[in-house]
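Below: one structure, written as structure tokens.
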Amino acid sequence: MSTNPTLKILFQPPIPLSILETYNLRLPATSQSPSVPQTFLDSLTVRATVFVNEQNAIPLHHHIDRDDARSCCMALYSPRTRTKIRPGSPYEAPSEDVPNVSAKELFSAPLPEHVVDRSTDLHDGVEPYVKLGRLCVVKEFRGRGYAVLLVQRMLQWVVANPDFACAGDGREWKGLVGIHANADVVGTWKRYGFVVDEGMGSWFEGSMRHVGMFLRLDLDGVNGR
């Protein structure tokens, strides 16, 4: 994919627990230990700027969770940035917004036991899929196609790394990608090729209604397939 050469997209694979456990949940991402990768910190800053401060969609203590320890992240940097993005007042973290656990407990919490999900229109409840989530662009940088570039780059990466999806658990990923889409931006995800799974219905995440959407990527010729 050809991108604007003045833009920079950085990739961060899952971070070892030995590093994540140094994260101070009472401080903003901009004030963390230098041992925590900067791309991860920048992605947290953007997420909090958009989801916590601007949209008031989620409280601070729901902004970082166990999934961050097993996820990859990407951050796009615009050359037009003149001031450093800094969080607003919710980042001051009143006591009720701070998880009553240590970073080690938060990031190493056991994952829910796998169960066979109900079958819906686009998913049989069993097939493994990659989930994209927490895509956001700071308000003053919207309308420039940055979200499109990020989605394209993320999809390219998962196609090039098909074994990541199942983390060596013996199952095979067959190119299915799922998202929980804000109902207000379903049209945007449709332009990327995602289709609404009507059988999933809708639900609220934070204060915003979401729906499930899926995309099937072509893996022919990838890693000898």
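Heads up: numbering here begins at 1 and tracks the sequence. Bear in mind that the values here come from a model prediction, so they are computed numbers and not experimental data.
- Remark: R118 engages no residue in a side chain to side chain donor-acceptor pair (under 3.5 Å) (not counting sequence neighbours).
- The structure places OG of S71 at 7.0 Å from CZ of R134, a figure rounded to the nearest 0.5 Å.
- Between D42 and R47 there is no salt bridge, since no side-chain nitrogen of the basic residue lies less than 4.0 Å from a carboxylate oxygen of the acidic one.
- One finds no salt bridge joining R171 and D163 here, because no Lys/Arg side-chain nitrogen approaches an Asp/Glu carboxylate oxygen to under 4.0 Å.
- Judged by distance alone, the side chain of T45 and the main-chain N or O of L41 form a donor-acceptor pair under 3.5 Å.
- In terms of modelled atom types and a separation under 3.5 Å, the side chain of D68 and the main chain of I64 share no donor-acceptor contact.
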task = For the pair N182 and R209, evaluate side chain to side chain contact (heavy atoms under 4.5 Å, CB included) and give the outcome as yes or no after the intermediate values.
result = CA-CA 6 Å; N182 184 324; R209 190 167 68 89; over 6 Å; no

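- Distance alone, capped at 3.5 Å, is enough to place a donor-acceptor pair between the Q32 side chain and the N24 backbone.
- Closest approach of P14 to F164, counting heavy atoms only: CG-CE1, 3.9 Å.
- For the 3.5 Å distance criterion, the side chains of D124 and S119 fail to qualify, holding no donor opposite an acceptor.
- Remark: the S33 side chain and the Y23 side chain contain no N/O donor-acceptor pair separated by less than 3.5 Å.
- When atom types are taken as modelled, the side chain of D121 and the backbone of G199 share a donor-acceptor pair closer than 3.5 angstrom.
- Among all heavy-atom pairs drawn from S108 and R66, the shortest one is C-NE, 3.9 Å.
- Remark: the backbone N or O of H123 is not paired with any side-chain donor or acceptor of E127 at under 3.5 angstrom.
- Between V101 and L25, the shortest heavy-atom distance links the atoms O-CD1, 3.5 Å.
- A centroid separation of 6.0 Å or more is found between the aromatic rings of F214 and F194.
- Among all heavy-atom pairs drawn from L7 and S78, the shortest one is CD2-CA, 4.0 Å.
- Summarising the geometry of P128 relative to W173, their closest heavy-atom pair is O-CD1, 3.5 Å, with the distance given to 0.1 Å.
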request  = Carefully, step by step, assess N56 and F51 under the rule side chain to side chain contact (heavy atoms under 4.5 Å, CB included).
outcome  = CA-CA 6 Å; N56 293 316; F51 297 140; over 6 Å; no

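- Of the possible donor and acceptor atoms, none in the side chain of D197 sits under 3.5 Å from a partner among the backbone N and O of M213.
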